[in-house]
Each structure stands twice: as structure tokens, then as C-alpha cells.
Amino acid sequence: MHAPFEVDIVDNSPADSDRESTEPALAIPVDRVNFIIEKLREFDAPDSPTGEYDDTYAPTFDAEDQDALEDREDQDRNIPVMQELKSYIDDLTVDEQVDLVALVWLGREVDGSARDWTEIREEAAAAYNGRTLDYLLGTALAADFLEEALSLLGYELDRTRPDGQAFGARFH
């Protein structure tokens, strides 16, 4: 039997009077969240490059076989991105992984606001199970939810870096 995960509950909320002018404290750097957003979008992209395929000698399939083949090609196409995400997320601390899940939860809230951050993060910490990657990949629109949460917390994503390195974010 595995020992339960230990998660530090961090009060990441600024004082009410400073809420609009103080950057909310996150255990995970925003640049890392943005990298994960980009990789999740790459994973979900239907037109990700899969390389050249010469079908000159390809067998003829019926519609069911063709659907199965296309599903398999989609899975194969995503293997490198999934491996990169797995490695990246595995290298995050438990607190950083909790922040990722909490950000998804905050971003999917219809009326979510920065005031909800502490409560949502505490719930995510209590629910932590070590399957952060599975959760992110299994959550439709996870990248959008992460981006929305960062926006709610006052971060503006900077997607214009010409050097191709990790994207930045700044608090506004």
C-alpha cells in the first residue's frame, strides 16, 4: 500500500485589499503553465504533422478498418507529445501539479474569480492522486481552462517571443 501523498497547503491568495494589485502566488511558474498549455494544444491538434506516408502499397480497408487505422494514427502521432508532457509533469513538484489541477478547475468555473483561488487550490490538494497528466489529457479544453485561470489571476500571456523559447507571462 502506498503512503498518502503529502501536499503543502499554501495560502496563495493576496489580502482582499491587495487582490487587484498583488500577483497571486503560484507554486508553479507561469512559464511552465504556458509550456503545458502549448503542449496540450499540440496534443489536441488534428493536423499535427505525422510525416510523409506513401500509400502506394497500402491494402484496401472497409470503413470500419479505416476508422480504426485513423484512430491508431492519431494515437501514434501524439506519442512524442505525450511523452514530453509526461516527462515535464513528472519533474514538477507535487505543489506545482496541484496548482495545475487547481488552475484547470478555476478556469472552467462559469463565474470563477481570483477570490476562489485559495478554496479551489485546497480542494485540488485534497484530491491529489499523482495522475496529473492523465487528468489533463482527459479534460477537454484543459489548455483553454489553464489560460482562462491565468487571466482570472491577473496574468497576461506573452506569445510573441521570437527566440522560440518558453513563452512568458506578466502580471497586469
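These numbers come from the heavy atoms of this one structure, side chains and all, not from hydrogens, waters or symmetry mates. Count residues from 1 along the sequence. The shown structure was predicted, so the numbers you read here are calculated from the model rather than taken from an experiment.
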Checklist entry - How far apart are the C-alpha atoms of L133 and L92, what are their side-chain angles, what is the distance that settles it, and do they pass the side-chain contact (heavy atoms from CB on, under 4.5 Å) test? => result CA-CA 11 Å; L133 176 63; L92 297 177; over 6 Å; no
Checklist entry - If you take all heavy atoms of V104 and F145, which pair is closest and at what distance? => result O-CB, 3.6 Å
Checklist entry - Which is it for Y88 and Q83 under the side-chain contact (heavy atoms from CB on, under 4.5 Å) test, yes or no, and what are the steps along the way? => result CA-CA 8 Å; Y88 196 79; Q83 288 173 336; over 6 Å; no
Next on the checklist: A side-chain contact here means heavy atoms from C-beta on lying under 4.5 Å apart; do L106 and R121 qualify?
Outcome noted: no
Next on the checklist: Does the plane of the ring in Y135 sit parallel, tilted or perpendicular to the ring in W105? Use 30° and 60° as the thresholds.
Outcome noted: perpendicular
Next on the checklist: Within the 4.5 Å heavy-atom criterion, are L40 and L146 side-chain neighbours or not?
Outcome noted: yes
Checklist entry - Is it true that R108 and D144 make a salt bridge, defined as a side-chain N closer than 4.0 Å to a carboxylate O? => result no
Checklist outcome for this item: Here the gap from L26 atom CG to L150 atom CG, rounded to the nearest 0.5 Å, amounts to 7.0 Å
Next on the checklist: For E96 versus A27, what's the shortest heavy-atom pair and its separation?
Outcome noted: CG-O, 3.4 Å
Checklist entry - Does some side-chain heavy atom of T93 sit less than 4.5 Å from a side-chain heavy atom of Q97? => result no
Checklist outcome for this item: Note: A124 and V101 closest approach over all heavy atoms is CB-CG1, 4.1 Å
Checklist entry - Under 3.5 Å, side chain of D44 to main-chain N/O of R41, donor-acceptor pair present? => result no
Next on the checklist: Once rounded to the nearest 0.5 Å, what's the spacing between atom CE of M82 and atom CG of L136?
Outcome noted: 13.0 Å
Checklist entry - Would you say E123 has more than 12 foreign heavy atoms packed within less than 6.0 Å of its CD? => result yes
Next on the checklist: The test is side-chain contact (heavy atoms from CB on, under 4.5 Å); show your working for L100 and R32 and say whether it passes.
Outcome noted: CA-CA 10 Å; L100 277 176; R32 289 184 182 178; over 6 Å; no
Checklist entry - Where do W117 and A25 come nearest, in terms of heavy atoms and distance? => result NE1-O, 4.0 Å
Item to check | side-chain contact (heavy atoms from CB on, under 4.5 Å) between L137 and L85, worked out | outcome: CA-CA 10 Å; L137 294 178; L85 268 169; 4.0 Å; yes
Item to check | Residue from V30, N34, V33 passing side-chain contact (heavy atoms from CB on, under 4.5 Å) with Y155 | outcome: V30
Item to check | D90 side chain near T132 side chain, heavy-atom distance below 4.5 Å | outcome: no
Next on the checklist: Would you say that L153 contacts L103 through its side chain, given a criterion of any heavy-atom pair below 4.5 Å between the two side chains?
Outcome noted: yes
Next on the checklist: Return the CD to CD1 distance between E84 and I79, rounded to the nearest 0.5 Å.
Outcome noted: 14.0 Å
